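I have placed the structure first, in the form of structure tokens, so that the comments after it can refer back to it.
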Amino acid sequence: MNSSETTDTTMNAHKTLDRTFSVAPMMDWTDRHCRYFHRLLSEHALLYTEMVTTGALVFGDKDRFLQHTPEEYPLALQLGGNDPEHLALSARYGEQASYQEVNLNVGCPSDRVQNGRIGACLMAEPEVVAAAVRAMKNSVSIPVTVKHRIGINGRESYEELVDFVGTVAEAGCETFIVHARIAILEGLSPKENRDVPPLKPEVVYQLKKDFPDLEITINGGIKSFDEISQHLQYLDGVMLGREAYHNPYLLAEVDNRLYGSEKKLPERKVIIEQMLPYIEAELSRGTYLSHITRHLLGLYQGEPGARRFRRYISENAHKKGAGLEVLMNAVEAVETLRLQVMESNDRGGC
Ligand SMILES: Cc1cc2nc3c(=O)[nH]c(=O)nc-3n(C[C@H](O)[C@H](O)[C@H](O)COP(=O)(O)O)c2cc1C
């Protein structure tokens, strides 16, 4: 970032965060290109980075891992780690880079993560999470939040969940993002762990009743505004992962439905047009086109021509020398088809 951007971002960092709606941290998915795209769809949704491990920040190329643009705000950094000193240092790096929240991952069940004793397995060690939160809180002035499950196998009772949340809250965490299913740490892949254990939103509602002063966001399996409204009757926020990624146009309605905005919904092709200058700049820095366009594939989800859009981009964006024309052609193909469908619907109506 240049110095004028730093001034802007520092000012931004003090904006109060509204967590009514957020897009979940998703490894390999919510990278900076994806977040730039999501932000064009919603001004207010809180966006999360992919998980960044403390090892990457403390011993690696931290500027690369923390890279983002001011357009992405409001923006939270998710960390993976368990060592209080490393987490405190990583949180400080995040704050210095102008992230507006730092979130600790206590929900990811992958083996790789478990071997490093980070992610969901930490739910068995509330004191370790509490020490981590305390150290991070002492190190930064931005909010420190925790994302976790309602339990892990062998530690599934509501009392144990209350013990976890109570212990971590005492350490100063005021915001909890709760994936409303347990994680099974042996025998299920991370993907299965997002689908197989049943969702139990009522457990999260109960948590809010028992900890009314905490801010509690629910995550897991949410796909529609009806479900969102239902959850928001009981809770402070909703976080969507896969649905936001696969059906990103849903984000276009977030500002009007949840934040009182009255703007006209942006047309999909206008969103693509707004992406073009960004993509052009990225291509000139050596970014591959397909690394950006892969996040756009779901934009026409549910619309006539969605498959044509997706296929055209998938088949062409990775080719050597591929440029903006791939996207423009894909949009033209889908818009032409939409027009034909509308015309034939009109004729059918006569
Ligand atoms: C591809 C993928 C990567 C994910 N990576 C992370 C991650 O880095 N950190 C995290 O806390 N959760 C991660 N998750 C879990 C999501 O944040 C979320 O908790 C989960 O997908 C359930 O929400 P959903 O049903 O709305 O997708 C990931 C999920 C997916 C699909």
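Start at 1 and go down the list; that is how both ligands and their atoms are numbered. Residue numbers count from 1 along this sequence. It should be emphasised that the depicted structure is a prediction, and the values quoted were computed from it without experimental measurement.
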**OP:** Return yes when His179 approaches ligand 1 closer than 4.0 angstrom through a heavy atom, no otherwise.
**Re:**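 Yes, His179 has a heavy atom closer than 4.0 Å to ligand 1.
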
Can you pull out the closest protein heavy atom to [atom]? Residue, atom name and distance to 0.1 Å, please.
atom: atom 26 (O) of ligand 1; answer: Gly241 N, 2.8 Å
atom: atom 9 (N) of ligand 1; answer: Gln78 OE1, 2.7 Å
atom: atom 3 (C) of ligand 1; answer: Met27 N, 3.1 Å
atom: atom 19 (O) of ligand 1; answer: Asn219 OD1, 2.6 Å
atom: atom 13 (C) of ligand 1; answer: Pro25 O, 3.0 Å
atom: atom 31 (C) of ligand 1; answer: Arg194 NE, 3.3 Å

Please identify which atoms of ligand 1 are closer than 4.0 Å to at least one heavy atom of [X].
X: Asn105; value: 9 (N), 10 (C), 11 (O)
X: Gly220; value: 23 (O), 25 (O)
X: Leu240; value: 26 (O)
X: Gly221; value: 24 (P), 25 (O), 26 (O)

**OP:** Quick one: look at Met26 and ligand 1, take heavy-atom pairs under 4.0 Å, and tell me if it's side chain, backbone, both or neither.
**Re:**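 Both backbone and side chain of Met26 come within 4.0 Å of ligand 1.
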
Original post:
Is Lys147 touching ligand 1 with its side chain, its backbone, both, or neither, if touching means heavy atoms under 4.0 Å apart?
Top reply: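 Lys147 to ligand 1: side-chain contact only, backbone stays beyond 4.0 Å.
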
Subject >> Glu72 and Arg35 ion-paired at < 4.0 Å >> reply: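 Yes, Glu72 and Arg35 are salt-bridged.
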
Are [X] and [Y] linked by a side-chain donor-acceptor pair shorter than 3.5 Å?
X: His231; Y: Tyr205; answer: yes
X: Ser139; Y: Arg92; answer: yes
X: Asn256; Y: Glu262; answer: no
X: Tyr245; Y: His295; answer: yes
X: His68; Y: Tyr99; answer: yes

Original post:
Hey, does Trp29 come in under 3.5 Å of ligand 1, counting only N/O atoms on both sides?
Top reply: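 Trp29 vs ligand 1: no N/O contact under 3.5 Å.
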
Original post:
Do the two ring centres, one from Tyr288 and one from His318, sit under 6.0 Å apart?
Top reply: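 No: the rings miss the under 6.0 Å criterion.
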
Original post:
Okay, side chain of Arg308, backbone of Ala330: is any donor-acceptor separation there less than 3.5 Å?
Top reply: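 The answer is no, because no donor-acceptor pair under 3.5 Å joins these two groups.
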
Subject >> Option passing side chain to side chain donor-acceptor pair (under 3.5 Å) with Thr145 (candidates Glu174, Glu101, Glu215) >> reply: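 Testing each of Glu174, Glu101, Glu215 against Thr145, the sole residue satisfying side chain to side chain donor-acceptor pair (under 3.5 Å) is Glu101.
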
